[in-house]
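Before any comments, here is the structure.
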Amino acid sequence: MEQIKEFVESIISSIGLAGDIVPVMRHALLVIVAIVLAVLAGLICRKVIVPLVLKLTNKTQAQWDDVLFNERVLVSACHIVPAIVIWQLLPLVFYQYPVARELLTRATAIYITVMAVKTVLVFISSIKDLDGDRRTNRQQYLLSIMGVLRIVLLFVAAIVVVAIIINRNPMKLIAGLGATSAVLMLVFQDTIKGLVAGIRLTSNNMLHKGDWITVPKAGANGIVEDMSLTTVKIRNFDNTIITVTPQTLVDDSFQNWIGMQRSQGRRANRRVYYDFRGIRVIDEAMRKHLVEKGYFKAEELKGNEVNMTLFRQYAERYLRQHPQVNPKMTLMVRQLEATQCGLPVEFYFFIRQKEWVKYEHQLADIMDYFYAITPDFGLKVYEQYPEQ
C-alpha cells in the first residue's frame, strides 16, 4: 500500500501541482488506481484462473470436480475478488476522510457477504448435477442437509448484513434471537417437517429420484423427478406435473413400483368369466377334437375329464412354455368363487418385459390367444347384453 501511495505522490510531483488541489488530486488518483487494480484482479480471475481451473478439472477422470467447480461457481467466486481489493485499499484511499471510509467499508463488506453467500448457494445447487437417473440414499441425505444449510446460510447472512449496517457484533444479534425462537419454529415448520419426513423416506429406503410411484390421494402416477425439503415433484405419464409434500407421503400411503422394476417379471392378473352352460364332461368327439388340435395327446385323455379342467391345465402349460413368461415366478390359472355373471377364471403370471407399452402388448397377445381357443374346448365367455 505504501508503494501505491509513493507512486501517486511521484505522479503529482512530476506534474508540478501545488496548493489546495494536491489533496483532491491525490485522492482522485488513489481512487483511479484502486478501481484499476480491482478491475485487473477481476479480469485475471475470470480470464486466467477460471479457464486454468476448468482445464485441470476436465483432464481428471473424476466427475465430481467438473460439477462442483463448474464455470458458474468459479465466475460467481470471481465477483468477490475485486471487492476484496477495494476493501483492502479503502484505508489508503480515504485515510483523510474517515466518515466516507467507514461508509464505503460497510458497503463493501455487505457486497462481499452477499456475493460469498451467492457463491455458496451456486455451489450447493451444483451438487444436484451429480445425480443420476436415480438418487442414492447418501445423495438424498446430502441434498436434505444442503437444503437446511441453504436456509441457515441465508438466515445468518441476513443477520451479518444487519450487523454491518448498525455496526454491531453479529454474535450478539444471534444471541438476542433466543426469545424469538418460537416464532422462527413457526415460520420454518414446513421446512423442519419436510426434513424429518425426507430423512424417514430415505432412511427406510422408501423413495428415490427416478422411482415410479402412485399416490392415489394426490392423483399422481409417474416418475419422481426431484425431491427437496418441502416438495416431491412427480411427472405423470400424461406429462402433467404433480407436487406433493414429503410429509404427505409419510402420513398417507403410496405405491412404489421399484420392486417390480428390479424383479424378474411384471405381474399379469386377468379375470375372465365363463358361461356355466358350456362347462361339461367331454365326449368322444371333443376328445378327438382336442387331440387333433394338438392341445393334448391321446393317452392324456382317458377319463371323465371336464372341459374347464382341461382348459386350465393347457393354459398353465402354455404359459410355462411361453418365451415372454417367467415360469420361475408364481404362475397359475385358478378358479374363483362362482358368481351370477359366470365362473371366474383368473390368469396369474409374470411377464419378463416390464416396460409399460411392450408389457401391455405382450399381455394382450397372450390373452387374445386364450380367448381364441376357448371355443375349441366347448367353452364360452360370459356376455351380459345391455337391456334394450
Partner set under side chain to side chain donor-acceptor pair (under 3.5 Å) for [X], not counting sequence neighbours:
| X | answer |
| --- | --- |
| Q313 | none |
| N307 | none |
| R280 | none |

E360, CD: over 12 other non-hydrogen atoms inside 6.0 angstrom: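 Enclosed.
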
More than 12 heavy atoms of other groups within 6.0 Å of Q340 CD: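 No - once you tally the heavy atoms of other residues, nucleotides and ligands closer than 6.0 Å, there are 12 at most.
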
Taking the six-membered ring for Trp, are F276 and Y382 closer than 6.0 Å centroid to centroid?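 Between F276 and Y382, the centre distance exceeds or equals 6.0 Å.
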
Just checking, any donor-acceptor pair under 3.5 angstrom between side chains of T248 and T245?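 Side-chain D/A pair, T248 to T245: present.
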
With distance as the sole criterion, is a donor-acceptor pair present between the side chains of N221 and N236 under 3.5 Å?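 No - no donor-acceptor pair under 3.5 Å links their side chains.
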
Applying ring pair (Phe, Tyr, Trp, His ring centres under 6.0 Å), can you list everything that pairs with W87, at least two apart in sequence or on another chain?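 Per chain and number, W87 pairs via ring pair (Phe, Tyr, Trp, His ring centres under 6.0 Å) with no residue.
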
Who pairs with F349 by ring pair (Phe, Tyr, Trp, His ring centres under 6.0 Å), at least two apart in sequence or on another chain?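 Counting only residues at least two positions away or on another chain, F349 forms no ring pair (Phe, Tyr, Trp, His ring centres under 6.0 Å).
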
Looking at T231, I213, V232, which one forms a side-chain contact (heavy atoms from CB on, under 4.5 Å) with V244?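 Going through T231, I213, V232 one by one, the side-chain contact (heavy atoms from CB on, under 4.5 Å) with V244 is satisfied by V232 alone.
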
Taking V224's backbone N and O only, do any of them form a donor-acceptor pair with R235's side chain (distance below 3.5 Å, no angle check)?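 No, R235 side chain to V224 backbone: no donor-acceptor pair under 3.5 Å.
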
Taking Q353 for its side chain and E355 for its backbone only, find out whether a donor-acceptor pair lies under 3.5 Å.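 Pair found, side chain donor or acceptor close to backbone of E355.
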
Any ring-ring contact (aromatic ring centres under 6.0 Å, His included) involving residues 278-298? Give me the pairs, sequence neighbours left out, ordered by first then second residue.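 Listed once each, the pairs are Y295-Y314, Y295-F377.
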
Could you tell me whether K297 and E300 have a side-chain N and a carboxylate O separated by less than 4.0 Å?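 Salt bridge between K297 and E300, a charged N being under 4.0 Å from a carboxylate O: no.
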
Are E305 and R312 ion-paired here, with the side-chain N under 4.0 Å from a carboxylate O?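 Salt bridge absent between E305 and R312.
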
Kindly indicate whether the side chain of L301, heavy atoms from C-beta on, has any atom under 4.5 Å from the side chain of L290.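 SC-SC contact between L301 and L290 confirmed.
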
